[in-house]
Amino acid sequence: QVQLVESGGGLVQAGGSLRLSCAASGGTFSNYGMGWFRQAPGKEREFVAAISWRGGVTYYADSVKGRSTISRDNAKLTVYLQLNSLKPEDTAVYYCAATTRGTASMRSNYYDYWGQGTQVTVSS
């Protein structure tokens, strides 16, 4: 069983930055495709970014493209999401997800394991 634990969320002013982390355990992290999703109050969960097992392929949602970077450190069993130029509309719970298929995907149903989420709040 794979466990994913997110961290790094918090309260930040608009224009600020945050670096989210997702630490994995219980599986072969280096074989997994990883993704970040978010869910704002009253809205459906949406895709943010994804990265393939070696990091060679990445995808970003249009809403964060150019402001965010997904990366991974397979030695540390961790995937990161750097968020810059944050906007109030980025406020959401951010979830990390893993797929044993190794590739990256923007589809939430592609992922097998999910973390509990970390809250990001951006004040105007």
Side-chain angles (χ1 to χ4, degrees):
Q1 189 72 8
V2 175
Q3 290 84 43
L4 302 173
V5 179
E6 302 94 335
S7 61
L11 174 63
V12 63
Q13 289 188 333
S17 298
L18 282 174
R19 188 196 198 197
L20 307 183
S21 299
C22 172
S25 62
T28 309
F29 178 79
S30 58
N31 290 346
Y32 299 154
M34 301 296 296
W36 285 96
F37 292 78
R38 68 186 183 185
Q39 188 167 19
K43 295 187 177 182
E44 293 187 353
R45 190 172 297 187
E46 65 175 7
F47 169 75
V48 178
I51 189 167
S52 60
W53 65 294
R54 281 189 175 180
V57 177
T58 57
Y59 298 123
Y60 295 93
D62 288 343
S63 58
V64 301
K65 196 173 293 183
R67 302 189 293 121
S68 66
T69 303
I70 188 170
S71 61
R72 65 190 297 160
D73 186 334
N74 286 346
K76 294 184 177 179
L77 310 184
T78 302
V79 62
Y80 305 97
L81 182 67
Q82 178 71 39
L83 298 168
N84 300 320
S85 302
L86 282 161
K87 307 174 182 179
E89 51 263 43
D90 293 318
T91 295
V93 177
Y94 283 70
Y95 297 91
C96 170
T99 172
T100 58
R101 279 166 276 199
T103 53
S105 174
M106 295 182 283
R107 302 194 334 256
S108 61
N109 61 4
Y110 194 78
Y111 293 87
D112 306 298
Y113 303 100
W114 293 82
Q116 293 300 306
T118 185
Q119 176 71 48
V120 171
T121 303
V122 184
S123 63
S124 57

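For clarity, every value in this text was computed on a predicted model and none was experimentally measured.
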Could you go through the side chain to side chain contact (heavy atoms under 4.5 Å, CB included) check for R101 and D112 one step at a time? CA-CA 9 Å; R101 279 166 276 199; D112 306 298; 4.2 Å; yes
State plainly whether one hydrophobic cluster holds both I51 and L4, where clusters connect Ile, Leu, Val, Met, Phe, Trp and Tyr through side-chain heavy atoms under 4.5 angstrom apart. yes
Heavy-atom closest pair (G27 atom, V2 atom, distance to 0.1 Å) is CA-CG2, 4.0 Å
With a 6.0 Å cut-off on ring centres, are Y59 and F47 close enough? no
Which heavy-atom pair separates A104 from A50 by the least distance, and what is that distance? CB-CB, 3.9 Å
Full working for side chain to side chain contact (heavy atoms under 4.5 Å, CB included) between R38 and V120: CA-CA 9 Å; R38 68 186 183 185; V120 171; over 6 Å; no
Hphob cluster co-occupancy, W53 + Y60, side-chain heavy atoms under 4.5 angstrom: no
When you measure from the side chain of Y113 to the backbone of T100, do you find a donor-acceptor pair of N or O atoms at a distance under 3.5 Å? no
Could you grab the distance from atom CG of L81 to atom CZ of R19, nearest 0.5 Å is fine? 10.5 Å
Quick check against the 3.5 Å criterion: does Q39 have a side-chain atom that pairs as donor or acceptor with the backbone of A92? no
Out of Y94, W36, F37, which one pairs with W114 under the ring-ring contact (aromatic ring centres under 6.0 Å, His included) rule? F37
Salt bridge or not between K65 and D62? Use side-chain N to carboxylate O under 4.0 Å. yes
Indicate the atoms forming the closest heavy-atom contact of T78 with S21, along with that distance. CG2-CB, 4.2 Å
Between atom OG1 of T99 and atom OH of Y110, what is the distance when rounded to the nearest 0.5 Å? 5.0 Å
Is there a donor-acceptor pair under 3.5 Å between the side chain of T91 and the backbone N or O of V122? yes
If we ignore hydrogens and angles and just use 3.5 Å, is the side chain of D90 paired with the main-chain N or O of N84 as donor and acceptor? no
Quick one: are V93 and R45 in side-chain contact, heavy atoms under 4.5 Å? no
Atom pair OH/OG1 of Y80 and T69 - distance to nearest 0.5 Å: 14.0 Å
What are the two closest heavy atoms between Y111 and G35, and how far apart are they? CE2-N, 3.6 Å
Can you tell me how far apart CG (L86) and OG (S17) are? Round to the nearest 0.5 Å. 6.0 Å
CE/M34 to OG/S52 distance, rounded to the nearest 0.5 angstrom? 12.0 Å
Nearest heavy-atom contact between L20 and G9 is CD2-N, 3.6 Å
Exceeds 12 heavy-atom contacts within 6.0 angstrom, atom CD of E46: yes
Taking E6 for its side chain and T118 for its backbone only, find out whether a donor-acceptor pair lies under 3.5 Å. no
Is the NZ or CZ atom of R72 positioned over Y32's six-membered ring, under 6.0 angstrom from the centre and within 45° of the axis? no
When rounded to the nearest 0.5 Å, the distance separating OG of S25 from CD of Q1 is 10.0 Å
Which atom of L11 lies closest to which atom of S123, heavy atoms considered: CD1-CB, 4.3 Å
Check whether Y95 and L83 end up in the same hydrophobic cluster, where Ile, Leu, Val, Met, Phe, Trp and Tyr are linked by side-chain heavy atoms less than 4.5 Å apart. no
